[in-house]
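What follows is a single structure, written as structure tokens, with notes after it.
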Protein chains: 2
Amino acid sequence: MANSDSMDEQHYLTNYQAGDYSSPLVTVDVAIFTLIEGQLHVLLVQRGNHPAQGRWALPGGFIDTDSDLDLSEAAGRKLHEKTGVNAPYLEQVCTAGDARRDPRGWSVTVLYMALMAHAPTAEFVETVTDARWWPLSSAQQQHLAFDHNHLLEAARQRLSSKTAYTVLPIHTLDEPFTLTQLQQAFEEVLGAPLEKKSFRRRILSADILEESGEAPPPGGRGRPAALFRPKAGLEDHAFVRVVGEGR
Amino acid sequence: MANSDSMDEQHYLTNYQAGDYSSPLVTVDVAIFTLIEGQLHVLLVQRGNHPAQGRWALPGGFIDTDSDLDLSEAAGRKLHEKTGVNAPYLEQVCTAGDARRDPRGWSVTVLYMALMAHAPTAEFVETVTDARWWPLSSAQQQHLAFDHNHLLEAARQRLSSKTAYTVLPIHTLDEPFTLTQLQQAFEEVLGAPLEKKSFRRRILSADILEESGEAPPPGGRGRPAALFRPKAGLEDHAFVRVVGEGR
DNA sequence: ATAATAGTGTCTGTGAGACATTATGCC
DNA sequence: GGCATAATGTCTCACAGACACTATTAT
């Protein structure tokens, strides 16, 4: 390790060679979820290159030390390249790193979870042959590249557990939305039904939504529902009690 | 990117050169907390080398791709090298990475938080001139190396927020302990007083402690307290309501 | 009117907050 | 006895669960 008391930091840095240490590979992967017809889906891409050529994988790839300013920007970039969308919600989940997860050697991946509303008008994804929205359970049943089954499970767990005390699923809906739609989003993410009254009481008393004055879409059966959108900035509300399975 | 349809994965891998991409530097840092005389302390080491020579920093360093099997093992190793202790509790907090946090270039660090009981008999740390337990507030007031002020704050936040719905501070105590000691540990971590009755009700009804039959230490004033230790395996209990500031 | 969906009233149960009271050791 | 600390009794309040009920639309 190059160092001496007489060497100042400037001098040290000019002599420093990054290649002196064997550094792990560093990638960023993104599990992006959305609701399509009420079902939770995750975006996967089919790998065109070795290793794991032909397998489906979470979108991601190597950090570009020239153009990426930081990790979350790298994650956003990977996502944008695949979906053409700037993820409305992006959260770092965890980092996996060991000697075996990538056959190329010791590698580290920083996993992000993203949520977006599925815009049925945006064909950008469906038309790309190697990127597809998968129903979550189908995605989890197949053999994904690398350790992406584990990563997907970790992201899924983060989504579920945070849904119990936040309003995360709000990011899977287009605005404005009805309370029933929001409840169904929660139920799909949690994998369990919720009590209507409790849910509405919880959400409304948190004071994080505002009624959009808009008229309800015509053609629906039954009483038209009120339409809401999140109040600005208040989307990261945390409840002091957990919802669902009151043990 | 080297690839062709005719090349099989084995062939690809033998031709693969890790140096082909400019990879960020990868380090692991650990914020280890303990209680010393009721006060929360964090272990810092003074850097002997450039960069940031002479500054105090969280213990950590480069991944050793030869000997480290995975990230948490690397974190455990860094900790062991500094404290001679295998951390009883180790949790990954987050990963920071950008072009500027280290003057040597694009770097990524995986931050872990650790908790341990302060064994007054263990001089290993105090005698090493470049490693010291700092009261948390003193540590946070000085200018630490790199972005370690931010990392320390992130670890501190994780500790506080998880303390609100788990029993994390249990790992800062020697066994057996009294409920009063446990409550004081919670209060120190949360930075706020707790109601005695609520606290005891919560902890006892969670059924995660067992009474150690041991006799209370002599010499104390007042009624002797019952001594407890955690039941095996049940230390990661999660409550469905949050403690402290019942808003 | 009937079906269908939106939305409310209200009772129960759990557990946190507050704080007064009792218990058990020491001198 | 008095002091100090441990432990309990018990009331209130917030909020989740349950579920019956009313409201508003289309046909």
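A note on names: the letters A, B, ... follow the listed sequences, proteins ahead of strands, and every chain is numbered from 1. The model shown is predicted, which means the values in this text are computed figures rather than measured ones.
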What verdict does the side chain to side chain contact (heavy atoms under 4.5 Å, CB included) test give for A/T109 and A/V26, after you've listed the backbone C-alpha separation in whole Å, the side-chain angles of each residue and the deciding distance to 0.1 Å? CA-CA 6 Å; A/T109 194; A/V26 183; over 6 Å; no
Near DNA chain D, under 4.0 Å by heavy atom, which residues of residues 175-190 of chain B? B/T180
For a side chain to side chain contact (heavy atoms under 4.5 Å, CB included) check, start with the C-alpha distance between B/D236 and B/T166, then their side-chain angles and the critical distance, and finish with the verdict. CA-CA 7 Å; B/D236 46 356; B/T166 64; over 6 Å; no
Show which side-chain atoms of residues 137-146 of chain B pair as donor or acceptor with protein atoms under 3.5 Å away, not counting sequence neighbours.
| residue | atom | partner | partner atom | Å |
| --- | --- | --- | --- | --- |
| B/Q140 | NE2 | B/E153 | OE1 | 2.8 |

Tell me every residue that passes salt bridge (charged side-chain N to carboxylate O under 4.0 Å, His left out) with B/E188, counting only those two or more places apart in sequence or in another chain. none
Partner set under side chain to side chain contact (heavy atoms under 4.5 Å, CB included) for [X], not counting sequence neighbours:
X: B/T178; value: B/T180, B/Q181, B/A225, B/L227
X: B/D98; value: A/D70, B/R100, B/R101
X: A/A75; value: A/V28, A/V30, A/L90, A/Y112

Separation of atom [atom1] in [X] from atom [atom2] in [N], rounded to whole Å:
X: A/F239; N: D/dG17; atom1: CZ; atom2: P; result: 12 Å
X: A/R200; N: C/dA6; atom1: CZ; atom2: P; result: 8 Å
X: A/E195; N: C/dC11; atom1: CD; atom2: P; result: 17 Å

Given DNA chain D, 5'-ward residue of the pair B/L227 and A/P224, judged by closest heavy atom: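 Per heavy-atom nearest nucleotide, the more 5' residue is B/L227.
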Quick one: on DNA chain D, does A/G220 or B/F228 contact a more 5' nucleotide (nearest heavy atom)? B/F228
Kindly write out the residues that satisfy side chain to side chain donor-acceptor pair (under 3.5 Å) with A/T95, not counting sequence neighbours, or none if the list is empty. B/T95
Let me know, please, whether A/L204 or B/F199 comes out on the 5' side of the other along DNA chain C by nearest nucleotide.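 Upstream on the strand: A/L204.
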Return no unless some side-chain N or O of [X] is found under 4.0 Å from OP1 or OP2 of [N].
X: A/R241; N: D/dC15; result: no
X: B/R221; N: D/dT5; result: yes
X: A/R202; N: D/dA16; result: yes

With heavy atoms under 4.0 Å as the rule, sort B/R201 into base, sugar-phosphate or nothing. base
Mind listing the N/O atom pairs, protein and nucleotides 20-23 of chain D, below 3.5 Å?
| residue | atom | partner | partner atom | Å |
| --- | --- | --- | --- | --- |
| D/dA23 | N3 | A/R223 | NH1 | 3.3 |

What pairs meet the salt bridge (Lys or Arg N to Asp or Glu O under 4.0 Å) rule with one or both residues in residues 204-233 of chain A, with sequence neighbours excluded? A/E175-A/R229, A/D207-A/K231, A/E214-A/R229
Could you tell me which residues satisfy ring-ring contact (aromatic ring centres under 6.0 Å, His included) with B/H41, sequence neighbours excluded, listed by chain and number?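 By the ring-ring contact (aromatic ring centres under 6.0 Å, His included) rule, B/H41 matches no residue at all.
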Pairs flagged by ring pair (Phe, Tyr, Trp, His ring centres under 6.0 Å) wherever residues 196-217 of chain B is involved - sequence neighbours left out: B/F186-B/F199
Does anything in residues 158-169 of chain B come within less than 4.0 Å of DNA chain C? Heavy atoms only, and list the residues if so. none
